[in-house]
J.: 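Quick one: the structure is below, questions incoming.
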Amino acid sequence: MPTPTVYRTALRSLERIHEGKVRDIYAVDAATLLIVTTDRLSAFDVVLPDPIPEKGRVLNEISNFWFARTRHIVPNHLSGRALDSVVTDAEERAPLAGRTMIVRRLNALPIEAVVRGYLIGSGWKEYLSTGGVCGIELPAGMQQAQKLPAPLFTPATKAALGEHDENIPFAKVEALIGASLAARVRATALALYDFAAEHARRRGIIIADTKFEFGVDEAGQLTLIDEVLTPDSSRFWPADTYRSGTSPASFDKQFVRDYLETLDWNKKAPGPHLPPRIIELTSEKYREALTRLTSPA
């Protein structure tokens, strides 16, 4: 049975300290946060006005799936606490079912740890103008959506709401967080991508690229935070129809981006409304990604 659509939350029992593009974050105590994954969808860094049914539940379930399977690579921010220990009122808790994480407070690093396995999106545009991505030179004559010789760590800045992330060279990451931590982030992000890409490949999905976010605790331990390898943070392509030289079909919000590119819209807020059919198909794509990723190989 579909869960109720949630576009924005307003919990009475906890203080909301941040509203992101998709997630509402509440303070639980000095050591813990409650993250609610809503059904909001952002494209080109603009939050669109229409919720996507089931999206928040799907994102949350996919993230939890990966958190459970990547602990051998890096610890994550999940606290292990149950929702009913934090939101005690049953009526207030009901809309949150399946879409929350209770996490440890950490110092978030000021970068997006992007890993690319294929040449697409902003990486493709940068390649066309410079012959590389984030200062990394690539072979001449590559096609759109072509598999890269090896996965690349191509970090980006974290943009404010409504602004666009900006690709940066690795040297800028070293300047921001220090050379040692930057090297750990790069190695960990690449290891996570390699592990996930192989898992997805066996289930008919190509992970073209993805972004991770990391934090550190008081002891300096690198920790995986936010969401992990979801259709919001990754490009998922069906392997059976993939072809280089064009923008492949996808299980992620690239489907919405492609629709928006057909509109006369300047990619600034407010975003346009989506037709019911686009909303329905987007919801189906998110749910299919969950089904495929979590199925036996």
Side-chain angles (χ1 to χ4, degrees), residues 20-23 35 37 41-43 52 54-78 98-101 103 108-109 111-118 120-123 145 147-148 150-156 158 165 185-215 222-239 242 248-257 282 285-297:
K21 295 170 187 172
V22 176
R23 287 163 182 79
I35 301 177
T37 308
L41 185 143
S42 72
I52 305 298
E54 298 287 300
K55 177 175 178 286
R57 179 191 65 79
V58 166
L59 294 182
N60 210 60
E61 191 167 340
I62 290 176
S63 284
N64 284 331
F65 174 84
W66 290 116
F67 280 135
R69 283 158 181 78
T70 56
R71 291 193 186 104
H72 66 290
I73 299 173
V74 62
N76 61 65
H77 65 167
L78 296 181
R99 59 173 72 245
T100 63
M101 295 180 187
V103 305
L109 300 182
I111 60 164
E112 304 277 7
V114 180
V115 179
R116 301 176 188 272
Y118 293 73
I120 196 70
S122 65
K147 187 175 183 179
L148 293 163
L152 298 179
F153 178 69
T154 59
K158 283 186 183 180
D165 295 341
V185 167
R186 179 171 60 185
T188 303
L190 288 167
L192 287 167
Y193 177 82
D194 286 343
F195 173 82
E198 175 60 21
H199 172 95
R201 184 194 61 78
R202 296 196 304 269
R203 289 154 181 83
I205 290 180
I206 292 169
I207 302 179
D209 56 34
T210 194
K211 67 176 181 179
F212 303 105
E213 293 199 35
F214 294 98
L222 189 67
T223 305
L224 188 59
I225 66 172
D226 196 59
E227 63 179 325
V228 189
L229 293 150
T230 72
D232 266 16
S233 64
S234 318
R235 284 184 175 87
F236 293 150
W237 296 337
Y242 161 74
S250 68
F251 294 117
D252 53 67
K253 64 181 179 180
Q254 186 61 40
F255 174 75
V256 176
R257 292 191 195 101
T282 303
K285 286 176 178 291
Y286 275 71
R287 284 181 277 127
E288 184 175 355
L290 170 64
T291 299
R292 286 205 188 196
L293 288 172
T294 60
S295 68

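Values below: every heavy atom of this structure, side chains too, minus hydrogens, waters and symmetry copies. In what follows, residues are counted from 1 in the order of the sequence shown.
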J.: Could I get the full list of side-chain contact (heavy atoms from CB on, under 4.5 Å) partners for A108, not counting sequence neighbours?
T.: K158, I225
J.: Measuring from atom CD1 of I35 to atom CG of D226, what distance do you get when rounded to the nearest 0.5 angstrom?
T.: 6.5 Å
J.: Apply salt bridge (Lys or Arg N to Asp or Glu O under 4.0 Å) to K253 and list each qualifying residue two or more places apart in sequence or on a separate chain.
T.: none
J.: Not counting sequence neighbours, which residues clear side-chain contact (heavy atoms from CB on, under 4.5 Å) with T70? List them please.
T.: L192, F195, L224
J.: State which residues pass side chain to side chain donor-acceptor pair (under 3.5 Å) with S63; sequence neighbours excluded, sorted by chain then number.
T.: none
J.: I need the minimum non-hydrogen distance between I120 and P248, along with the two atoms involved.
T.: CD1-CD, 4.3 Å
J.: Indicate the atoms forming the closest heavy-atom contact of T37 with V22, along with that distance.
T.: CG2-CG1, 3.9 Å
J.: Do P231 and F236 have side chains that get closer than 4.5 Å, going by heavy atoms?
T.: yes
J.: What is the distance from atom OH of Y118 to atom NZ of K147, rounded to the nearest 0.5 Å?
T.: 4.5 Å
J.: Using the side chain to side chain donor-acceptor pair (under 3.5 Å) criterion, which residues pair with D209? Sequence neighbours excluded.
T.: R235
J.: Can you spot which of K21, K211, R23 makes a salt bridge (charged side-chain N to carboxylate O under 4.0 Å, His left out) with E227?
T.: R23
J.: Sort and list the pairs that fulfil salt bridge (charged side-chain N to carboxylate O under 4.0 Å, His left out) and have at least one residue in residues 58-75, not counting sequence neighbours.
T.: R57-E61
J.: Would you say S122 and T154 make side-chain contact, with heavy atoms under 4.5 Å?
T.: no
J.: Quick one, Y286 and T230 - any side-chain contact, counting heavy atoms below 4.5 Å?
T.: no
J.: I'd like to know whether M101 forms a side chain to side chain contact (heavy atoms under 4.5 Å, CB included) with N64, so could you lay out the CA-CA distance, the side-chain angles of the two residues, the decisive distance to 0.1 Å, and finally the verdict.
T.: CA-CA 9 Å; M101 295 180 187; N64 284 331; 4.0 Å; yes
J.: Looking at CD1 of I207 and CZ of R201, how far apart are the two atoms once the value is rounded to the nearest 0.5 Å?
T.: 11.5 Å
J.: Got a donor-acceptor contact below 3.5 angstrom from the W237 side chain to the Y242 backbone?
T.: no
J.: Taking side-chain hydrogen bond (donor to acceptor under 3.5 Å, both in side chains) as the cut-off, I'd like each qualifying pair that reaches into residues 187-197, sequence neighbours left out, listed once.
T.: none
J.: So which heavy atom on L229 is nearest to which on L293, and how close?
T.: O-CD1, 4.4 Å
J.: Side chain of T210, backbone of S233: donor and acceptor closer than 3.5 Å?
T.: yes
J.: Could you state the interatomic distance from CD1 (I52) to CG (L41), rounded to the nearest 0.5 Å?
T.: 5.0 Å
J.: Show every side-chain hydrogen bond (donor to acceptor under 3.5 Å, both in side chains) that has at least one partner inside residues 287-297, sequence neighbours left out.
T.: S283-R287, E288-R292
J.: Can you name the residues that form a side chain to side chain donor-acceptor pair (under 3.5 Å) with T223, not counting sequence neighbours?
T.: none
J.: Please report the interatomic distance OG(S250) to CD1(I205), rounded to the nearest 0.5 Å.
T.: 10.5 Å
J.: Go through the structure and list residues passing side chain to side chain donor-acceptor pair (under 3.5 Å) with R99, not counting sequence neighbours.
T.: D39
J.: Tell me every residue that passes salt bridge (Lys or Arg N to Asp or Glu O under 4.0 Å) with D232, counting only those two or more places apart in sequence or in another chain.
T.: K55
J.: Residues two or more places apart in sequence or in another chain: which of them pass side-chain contact (heavy atoms from CB on, under 4.5 Å) with A189?
T.: A113, V115, F153, F212, F214
